[in-house]
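One structure is given below, encoded as structure tokens.
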Amino acid sequence: MPRLSEVIAALDVLWPPERAEGWDAVGTVCGDPDQEVSRVLFAVDPVQDIVDEAVKRGADLLVTHHPLYLRGTTTVAASTFKGRVVHTLIKHDIALHVAHTNADTADPGVSDALAGALDLRVVRPLVPDPSDPDGRRGLGRVCELDHPLTVREFAARAAERLPATAQGIRVAGDPEALVRTVAVSGGSGDSLFENVRAAGVDAFLTADLRHHPASEFMAARAHSAQGAHSAQSAHTPLALFDAAHWATEWPWCELAATQLDEISDRKGWGLRVHVSKTVTDPWTAHAASAADPSDPLGAPN
């Protein structure tokens, strides 16, 4: 069996920590470099439910996408929920390793996995990494569909292919407009609106879209379409698809597990690699509005 330090070295080749954003907190949170690793669990969030699953599975290493301590801490007391996570991990000799923004921009990375889950063909990064001479790394991906779908149909595909959450898929745009090209970005993506606009795609799927940025983006798009000379441009406004944050990043866990499996086979490690299917999206229920959205009376007084 490999030592933890050997497994981490392999993971750092996949997602070099130096490629993480300066504000990020990636790398190994806890774990003895000399301990042996036989079983690995991948998950999005380092929360207690996931740690308890790692204990139950007998995992020696937990790899998560989200950091445990993004902004640092002054205590790991078990009286805090994050401190309890640390205590549980150390008590059961489970190491924790984080690959966050360095996995977002990797080739392949988080958005490649998202595109794969949606059966999209990746064309290029949405925001290319200038340090990559091959132009394959970067944030988000610009993709093509194998055949055009309406906004309504693509929303249904996303709802079917991504893990089920209480939120489902929220949509902004004409439900009957055709979608041929899509930009995707796992996790929070409304900071990328300018890049999406410059990419000239028909749709953008991401998570955590806020009211004002989304409203202003759609309003600017509608204004641009009204002034366009092309009839096609005027009738294919860009659509927004807002999925749950956890759901857009969970496909990366499967991709990452496959990558580690391949490394294990090549090196003869015999690792048993698992992906947690525990839903750690914080939202647990959804109540649809009862009012008819086409009601001319509009919002209640």
Side-chain angles (χ1 to χ4, degrees), residues 21 23 101 104-105 110-111 114-115 118 120 123-128 138-145 148-159 162 165-249 281-283 286 288-289 291-301:
E21 295 289 339
W23 50 264
T101 53
D104 285 333
T105 58
V110 171
S111 292
L114 175 57
L118 297 171
L120 302 173
V123 177
R124 63 183 185 277
L126 178 62
V127 186
L139 191 61
R141 295 294 184 266
V142 175
C143 309
E144 293 179 345
L145 280 73
L149 296 175
T150 65
V151 167
R152 188 189 310 277
E153 290 169 335
F154 185 74
R157 174 188 286 195
L162 294 180
T165 60
Q167 173 180 319
I169 308 295
R170 298 193 300 174
V171 180
D174 178 2
E176 303 309 319
L178 285 180
V179 177
R180 299 177 180 84
T181 55
V182 184
V184 300
S185 182
S188 305
D190 61 12
S191 64
L192 303 176
F193 277 154
E194 288 303 317
N195 304 96
V196 172
R197 185 178 289 109
V201 292
D202 300 320
F204 179 37
L205 186 145
T206 187
D208 296 339
L209 292 182
R210 296 169 294 161
H211 174 86
H212 291 296
S215 177
E216 292 171 6
F217 182 75
M218 294 304 292
R221 178 70 179 182
H223 177 75
S224 175
Q226 288 172 2
H229 296 294
S230 165
Q232 182 180 5
S233 296
H235 289 89
T236 38
L238 188 145
L240 296 178
F241 299 90
D242 184 31
H245 189 120
W246 172 84
T248 63
E249 294 181 329
D281 184 72
W283 307 107
H286 171 76
S289 299
D292 181 354
S294 64
D295 185 349
L297 295 178
N301 292 322

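The residues of the chain are indexed from 1 along the displayed sequence. Source: prediction; values computed, not measured.
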task = Of all the heavy-atom pairs spanning V179 and T150, show the shortest one and how long it is.
result = CG2-C, 4.4 Å
message = I want to check something: taking the side chain as every heavy atom from C-beta on, are F204 and N195 in contact at a cut-off of under 4.5 Å?
response = no
ask   = So F154 and F241, would you call those rings parallel, tilted or perpendicular, with 30° and 60° as cut-offs?
value = perpendicular
key: Residues which pass side chain to side chain donor-acceptor pair (under 3.5 Å) with S185, listed by chain and number, not counting sequence neighbours   = none
ask   = Short question: side chain of R152, backbone of L149 - any donor-acceptor pair under 3.5 Å?
value = no
inquiry  = List the residues meeting side chain to side chain donor-acceptor pair (under 3.5 Å) with E144, not counting sequence neighbours, and say none if there are none.
reply    = R121
query = Looking at S111 and G186, what are the two nearest heavy atoms and their distance?
reply = OG-N, 3.3 Å
task = Provide the full list of salt bridge (charged side-chain N to carboxylate O under 4.0 Å, His left out) pairs with a residue in residues 203-219, sequence neighbours left out, each pair given once.
result = D190-R210
request  = Using modelled atom types only, decide if a donor and an acceptor are shared between the side chain of D202 and the backbone of R180 within a distance under 3.5 Å.
outcome  = yes
ask   = Any salt bridge (charged side-chain N to carboxylate O under 4.0 Å, His left out) pairs touching residues 191-201, not counting sequence neighbours?
value = E194-R197
query = Which pair of non-hydrogen atoms, one from T165 and one from A244, has the smallest distance, and what is that distance?
reply = OG1-CB, 3.5 Å
remark   = ring pair (Phe, Tyr, Trp, His ring centres under 6.0 Å) pairs touching residues 165-190, sequence neighbours excluded, are none
task = Would you confirm whether R170, through its side chain, and L209, through its main-chain N or O, come within 3.5 Å as a donor-acceptor pair?
result = yes
key: All side-chain contact (heavy atoms from CB on, under 4.5 Å) counterparts of V201, not counting sequence neighbours   = V142, T181, A183, V196, A199, L238
key: Nearest non-hydrogen partners of G187 and T206, listed with the distance   = O-OG1, 2.8 Å
message = Using a 3.5 Å distance criterion without hydrogens, assess whether the side chain of S188 forms a donor-acceptor pair with backbone atoms of A207.
response = no
ask   = Is there a donor-acceptor pair closer than 3.5 Å between any side-chain N or O of T105 and the backbone N or O of L139?
value = no
task = Quick one: pull up CG in L118 and CG in L162 and give me the separation to the nearest 0.5 Å.
result = 5.0 Å
inquiry  = If we ignore hydrogens and angles and just use 3.5 Å, is the side chain of Q167 paired with the main-chain N or O of D242 as donor and acceptor?
reply    = yes
inquiry  = How close do P148 and L178 get, counting heavy atoms only, and between which atoms?
reply    = CB-CD2, 4.5 Å
